[in-house]
Amino acid sequence: MSKLILNPEYRLYERSGQAFCSSRQVAEEFERRHDNVLQAIDGIAALKNQASTESRNGLSEELEKMLTGGQTIEQFVRENFFEQSYKDASGKRAREVMVTRKGAMLVVMGFTGRKATAVKIGLLNRFEAMEGFIRSLQIAKAEFPLLTEAIKNAKEDPKHYHFSNEINMIYRIVLGMDAKAFRESHGIAKGEVIKPHLTLEQIQAVETLQRVDIGLIVAVPDFENRKQLLMQYYERMKLKLIA
């Protein structure tokens, strides 16, 4: 499984196209002890091992799937709870659990009171917004090969720098810096893709400019002219958002 990446805009993690929060976040936001949150998760996870007829308390697998909408409890736990570790204040490895939106809502279902309800709503809204960001991120990733293909078709002898120059031109327009500078300013490892670290507004702007640039590469071969047109297009985009 790919690396977990924290999105600071939504304070949630992304990995392999899915949004997660950690058991530590649940504990902090709902003002619960982390060990108590882990205990609640373990109580749910323990049901995963109750697969035999005897341990199901008379609940058949068919009836269980009917009640859950098509999943057994074992399948739900496997898909929505993932063991993870982190370094605590003393530098030792400690346990935490990454949970999906569904997993988080099951864990906090028993947290009651007005404040707990407000936090639940906030967490749900963040998950929905994060899932929207992931969809935009996936679209930008899926369409990037179209940009590279356009460069290949436009150049008689495409070099590696033709591809990096093109995407870095878009990054400079949207972010004010290229990928290398963005990594350095945000403490991102050398060579790591920066798109998952952008805001929703930034990733949508990159996605849009990529699409526009695909057409311009053929129509406007000169790099500087193409850059000026993309900058003008981006400025119009920003004005529409303000209006």
Side-chain angles (χ1 to χ4, degrees), residues 1-21 125-243:
M1 192 173 283
S2 60
K3 178 182 176 183
L4 276 165
I5 298 174
L6 178 64
N7 184 293
E9 187 175 9
Y10 307 112
R11 305 190 311 281
L12 293 171
Y13 294 86
E14 182 270 337
R15 182 167 63 183
S16 300
Q18 193 166 18
F20 296 89
C21 70
N125 287 337
R126 280 163 47 209
F127 262 108
E128 288 184 5
M130 181 69 174
E131 287 160 2
F133 167 81
I134 290 171
R135 284 192 293 273
S136 291
L137 177 63
Q138 290 174 328
I139 290 170
K141 286 180 178 178
E143 293 185 350
F144 186 69
L146 298 177
L147 180 63
T148 61
E149 190 64 26
I151 296 169
K152 287 179 185 177
N153 293 334
K155 303 288 183 182
E156 290 185 8
D157 183 23
K159 307 295 184 184
H160 67 89
Y161 58 81
H162 289 137
F163 303 98
S164 59
N165 285 351
E166 207 69 30
I167 190 60
N168 275 320
M169 171 181 65
I170 293 173
Y171 285 149
R172 288 190 187 97
I173 293 170
V174 176
L175 308 175
M177 64 186 81
D178 63 15
K180 180 181 178 181
F182 187 88
R183 289 187 193 98
E184 290 173 352
S185 65
H186 290 76
I188 302 169
K190 182 181 178 179
E192 187 175 330
V193 176
I194 70 169
K195 286 187 177 77
H197 299 271
L198 306 182
T199 66
L200 177 60
E201 183 179 334
Q202 288 168 340
I203 197 65
Q204 287 178 338
V206 168
E207 171 194 338
T208 300
L209 292 187
Q210 278 184 183
R211 290 176 182 169
V212 175
D213 197 26
I214 289 168
L216 289 178
I217 285 171
V218 176
V220 186
D222 183 77
F223 181 86
E224 288 300 323
N225 288 343
R226 202 161 59 249
K227 178 181 175 181
Q228 289 300 317
L229 288 171
L230 285 172
M231 288 174 65
Q232 292 168 14
Y233 189 91
Y234 181 59
E235 288 303 316
R236 290 198 298 272
M237 282 173 58
K238 289 195 295 183
L239 287 174
K240 285 181 181 179
L241 290 174
I242 295 171

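Values below: every heavy atom of this structure, side chains too, minus hydrogens, waters and symmetry copies.
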Smallest separation among heavy atoms of [X] and [Y], with atom names:
{"X": "His162", "Y": "Lys159", "value": "ND1-N, 2.8 Å"}
{"X": "Gly17", "Y": "Gln138", "value": "CA-NE2, 3.5 Å"}
{"X": "Ile134", "Y": "Ala19", "value": "CD1-N, 3.7 Å"}
{"X": "Pro196", "Y": "Ile5", "value": "CB-CD1, 3.6 Å"}
{"X": "Asn168", "Y": "Ala179", "value": "OD1-N, 2.9 Å"}

Within the structure provided, determine whether [X] and [Y] are in side-chain contact (heavy-atom separation under 4.5 Å).
{"X": "Phe163", "Y": "Lys152", "answer": "yes"}
{"X": "Asn7", "Y": "Leu12", "answer": "no"}
{"X": "Tyr10", "Y": "Leu200", "answer": "yes"}
{"X": "Asp213", "Y": "Arg226", "answer": "yes"}

Looking at [X] and [Y], would you say the former's side chain and the latter's main chain have a donor-acceptor pair under 3.5 Å?
{"X": "Glu207", "Y": "Ile139", "answer": "no"}
{"X": "Arg183", "Y": "Ile188", "answer": "no"}
{"X": "Gln210", "Y": "Ala140", "answer": "yes"}
{"X": "Glu184", "Y": "Gly187", "answer": "no"}

Are more than 12 heavy atoms, taken from residues, nucleotides or ligands other than Lys227, located less than 6.0 Å from that residue's NZ atom? no
Atom OH of residue position Tyr234 - does it have more than 12 heavy atoms of other residues, nucleotides or ligands inside 6.0 Å? yes
Checking side chain to side chain contact (heavy atoms under 4.5 Å, CB included) against Val212, which of Leu230, Leu229, Ile217 comes through? Leu230
First locate atom [atom1] of [X], then atom [atom2] of [Y], and finally report the distance between them rounded to the nearest 0.5 Å.
{"X": "Asn165", "Y": "Asp178", "atom1": "CG", "atom2": "CG", "result": "10.0 Å"}
{"X": "Leu175", "Y": "Phe182", "atom1": "CG", "atom2": "CZ", "result": "6.0 Å"}
{"X": "Leu209", "Y": "Tyr171", "atom1": "CG", "atom2": "OH", "result": "11.5 Å"}
{"X": "His186", "Y": "Met177", "atom1": "NE2", "atom2": "CE", "result": "6.5 Å"}
{"X": "Leu198", "Y": "Gln204", "atom1": "CG", "atom2": "CD", "result": "11.5 Å"}
{"X": "Leu4", "Y": "Arg15", "atom1": "CG", "atom2": "CZ", "result": "4.0 Å"}

Lys/Arg-Asp/Glu bridge criterion (N-O < 4.0 Å) met for Arg211, Glu143: yes
